[in-house]
Amino acid sequence: MKPETDRKVLELLAREHILSAGDAAERLGVSGASVRRSFRRLAELGEVRRVHGGIEELNRGMDPAYPFFLRMQWFTREKEALARRAVALLQGCRTIFVDGGTTTAHLGMLLRDPRLRIITNSLALNDVLSRNCGGEAGPEVILTGGHVNRKSAILIGPESVETIGRFHADATVISGSAIDENGIYDNMEEAAFLQRKMIENSDRLIIVADASKFGRRAPSRIVPVEKLSLVVTNFISDNYQVVQQMMARGVRFEFVRPEIP
């Protein structure tokens, strides 16, 4: 419940910019005590600023993403289901590009084929693969190099782009930060540029994104909707309109159902 409350508080704060404990409790349908604990946790993590009776939004600068370790706790069952379907779709691939993200990090729990080469800028994916495969077993991993973005646990910059340019992949797997009827977006142009390079140097593109990313935009468009062929997601009714608009423009969807605990 803690991660869910924290996520909802941050989403509400992004819209309102300042929140009182009472207002947040009423609008989120949780107890005042739960909200106050969430306020305290988020303030201690440096994600909000405490003010009298509540919290206010921080200026998130050029990279508005929330820290990786927070996002990794959100929609975990959905991301596990997306990863399972993505791995099935990657059967037969020998080389894949995987962009960094909390959704794509879940692939590391399932990819086992030692004949597979994974080229990625995701420090988290490499870490998960190292823990789960052990020793020299499992896929070959090539990290792109570049400078470390600690907030998102990824490598970006000219070195990353240069590495991707030296390879060709059977498929690219990305998640992005936001998706709407016009395309898929990322919070940072450096990351979006690298993803474009991955798409350019591969035979097909698979988008794996949980339902919370739909109907939103982020600062940098990775590619327009015409470049999207397959999107794997979990369906919620709020996304009906944007999904219909994307399907009308030629995008194919595969919907997964998270396992019920």
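Numbers for residues simply follow the sequence, beginning at 1. In this text, all values refer to a predicted model and were calculated from it rather than measured experimentally.
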Asker: Which heavy atom of Ser202 sits nearest to which heavy atom of Thr172, and what is that distance?
Answerer: OG-OG1, 2.8 Å
Asker: Salt bridge check: are Glu11 and Arg7 linked by an N-O gap of less than 4.0 Å?
Answerer: yes
Asker: Among Arg37, Arg41, Arg40, find the residue that satisfies the salt bridge (charged side-chain N to carboxylate O under 4.0 Å, His left out) test when tested with Asp6.
Answerer: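 By the salt bridge (charged side-chain N to carboxylate O under 4.0 Å, His left out) criterion, Asp6 pairs with just one of Arg37, Arg41, Arg40: Arg41.
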Asker: Classify the side-chain pair Ser177/Asn187 by whether it contains a donor and acceptor separated by less than 3.5 Å.
Answerer: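 Yes, a side-chain donor-acceptor pair sits under 3.5 Å.
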Asker: Hydrophobic clustering (ILVMFWY, side-chain heavy atoms < 4.5 Å, transitive) - are Ile206 and Leu228 grouped together?
Answerer: no
Asker: Do you know the tightest heavy-atom contact between Ala209 and Ile179?
Answerer: CB-CD1, 3.7 Å
Asker: Count the heavy atoms of every other residue, nucleotide or ligand shown that sit under 6.0 Å from CZ of Phe167, and state whether that count exceeds 12.
Answerer: yes
Asker: Membership question, hydrophobic clusters at under 4.5 Å side-chain separation (ILVMFWY): are Ile119 and Val173 in the same one?
Answerer: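 Different clusters: Val173 never reaches Ile119 through Ile, Leu, Val, Met, Phe, Trp or Tyr contacts under 4.5 Å.
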Asker: Please find the pair of heavy atoms, one from Glu190 and one from Gly157, that lie closest to each other, and give the distance.
Answerer: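 Smallest heavy-atom distance, with atoms named: OE2-CA, 3.6 Å.
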Asker: Less than 4.5 Å apart, side chain to side chain, heavy atoms only: is that true for Thr120 and Asp99?
Answerer: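 SC-SC contact between Thr120 and Asp99 ruled out.
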Asker: Above 12 or not: heavy atoms from other molecules or residues under 6.0 Å from CZ of Phe255?
Answerer: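 Yes, because the 6.0 Å sphere around CZ of Phe255 holds more than 12 heavy atoms from other groups.
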Asker: When you group the ILVMFWY residues by side-chain heavy-atom contacts below 4.5 Å and let the links chain together, are Val232 and Met247 in the same group?
Answerer: no
Asker: Report the C-alpha separation of Arg27 and Glu16 in whole Å, then their side-chain angles, then the decisive distance to 0.1 Å, and conclude whether the salt bridge (charged side-chain N to carboxylate O under 4.0 Å, His left out) test is met.
Answerer: CA-CA 12 Å; Arg27 296 177 65 175; Glu16 303 297 331; 3.1 Å; yes
Asker: Check whether any side-chain heavy atom of Val98 lies under 4.5 Å from a side-chain heavy atom of Leu125, and answer yes or no.
Answerer: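 Val98 reaches Leu125 side chain to side chain.
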Asker: Find the distance between CD1 (Ile156) and CG (Asn121) and round it off to the nearest 0.5 Å.
Answerer: 8.5 Å
Asker: Is Leu129 reachable from Ile142 through a run of hydrophobic residues whose side-chain heavy atoms are each under 4.5 Å from the next?
Answerer: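 Hydrophobic grouping puts Ile142 apart from Leu129.
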Asker: Go through Glu47 and Tyr66 one step at a time and tell me if the side-chain contact (heavy atoms from CB on, under 4.5 Å) criterion holds.
Answerer: CA-CA 8 Å; Glu47 293 304 309; Tyr66 296 115; 3.8 Å; yes
Asker: Shared ILVMFWY cluster between Leu70 and Val48, side chains joined below 4.5 angstrom?
Answerer: yes
Asker: Looking at every non-hydrogen atom in both residues, tell me the closest pair between Gly54 and Phe39 and how far apart they are.
Answerer: CA-CE2, 3.8 Å
Asker: Calculate, to the nearest 0.5 Å, the distance between atoms CG and OG1 belonging to Leu116 and Thr95 respectively.
Answerer: 7.5 Å
Asker: Between Ser38 (side chain) and Ser34 (backbone), is there a donor-acceptor pair under 3.5 Å?
Answerer: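 Side chain of Ser38 to backbone of Ser34: no pair is present.
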Asker: Find out whether Asp113 and Arg94 are in side-chain contact, i.e. whether some heavy atom of one side chain is under 4.5 Å from a heavy atom of the other.
Answerer: yes
Asker: Heavy atoms, side chains only, cut-off 4.5 Å: are Trp74 and Thr102 in contact?
Answerer: no
Asker: Can you measure from OH (Tyr240) to CD (Gln245) and round to the nearest 0.5 angstrom?
Answerer: 11.0 Å
Asker: Is Leu12 close to Val9 at the side-chain level, that is, under 4.5 Å between some pair of heavy atoms?
Answerer: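 No. Closest side-chain heavy atoms not under 4.5 Å.
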Asker: With rounding to the nearest 0.5 Å, note down the distance linking OG in Ser20 to CD in Glu26.
Answerer: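 Between atom OG of Ser20 and atom CD of Glu26 there are 9.0 Å.
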Asker: Tell me whether the count of non-hydrogen atoms from other residues, nucleotides or ligands lying under 6.0 Å of CZ in Arg257 goes above 12.
Answerer: no
Asker: If you round to the nearest 0.5 Å, how far is CG of Leu194 from CE of Met198?
Answerer: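 That separation rounds to 4.5 Å.
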Asker: Let me see the working for Leu230 and Leu205 under side-chain contact (heavy atoms from CB on, under 4.5 Å), right down to the final yes or no.
Answerer: CA-CA 7 Å; Leu230 175 61; Leu205 170 62; over 6 Å; no
Asker: Indicate the atoms forming the closest heavy-atom contact of Leu90 with Arg204, along with that distance.
Answerer: CA-NH2, 4.2 Å
Asker: Walk me through it: do Met188 and Asn149 pass the test side-chain contact (heavy atoms from CB on, under 4.5 Å)?
Answerer: CA-CA 11 Å; Met188 294 187 299; Asn149 179 299; 3.5 Å; yes
Asker: Does some side-chain heavy atom of Ser160 sit less than 4.5 Å from a side-chain heavy atom of Lys197?
Answerer: no
Asker: With heavy-atom distances below 4.5 Å as the criterion, would you say the side chains of Asp180 and Tyr185 are in contact?
Answerer: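 A side-chain contact under 4.5 Å exists here.
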Asker: Determine, for Glu200 against Arg196, whether the closest basic-nitrogen to carboxylate-oxygen distance falls under 4.0 angstrom.
Answerer: no
Asker: Please answer whether the main-chain N or O of His168 pairs with a side-chain N or O of Asn201 as donor and acceptor at a distance below 3.5 Å.
Answerer: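 No, because the side chain of Asn201 does not come within donor-acceptor range (under 3.5 Å) of the backbone of His168.
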Asker: Go through it in stages, so that I can follow the logic: the residues are Thr104 and Ile174, the test is side-chain contact (heavy atoms from CB on, under 4.5 Å), and I'd like the CA-CA distance, side-chain angles, deciding distance and then a yes or no.
Answerer: CA-CA 7 Å; Thr104 53; Ile174 67 175; 5.9 Å; no
Asker: Return the orientation label for the Phe214 and Phe253 ring planes: parallel under 30°, perpendicular over 60°, tilted otherwise.
Answerer: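 Geometry flag for Phe253 against Phe214: tilted rings.
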Asker: Of all the heavy-atom pairs spanning Val35 and Ala24, show the shortest one and how long it is.
Answerer: CG1-CB, 3.8 Å
Asker: Rounded at 0.5 Å granularity, tell me how far OG1 in Thr144 sits from CG in Leu155.
Answerer: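 So the gap between those two atoms works out to 4.5 Å.
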Asker: Identify which one of Lys213, His106, Lys79, Gln195 satisfies the side-chain hydrogen bond (donor to acceptor under 3.5 Å, both in side chains) criterion when paired with Ser175.
Answerer: Lys213
Asker: So, Arg249 and Glu181, do they make that salt bridge, N to O below 4.0 Å?
Answerer: no
Asker: Is there side-chain contact between Glu57 and Ile18, with heavy atoms separated by less than 4.5 Å?
Answerer: no
Asker: Just checking Glu189: does its CD atom have more than 12 heavy atoms from other residues, nucleotides or ligands closer to it than 6.0 angstrom?
Answerer: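 Counting neighbours around CD of Glu189, more than 12 heavy atoms of other residues, nucleotides or ligands fall under 6.0 Å, so yes.
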Asker: Identify whether the distance between the nearest side-chain nitrogen and carboxylate oxygen of Arg221 and Asp186 falls below 4.0 Å.
Answerer: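 Judged by the 4.0 Å cut-off on N to carboxylate O distance, Arg221 and Asp186 do not form a salt bridge.
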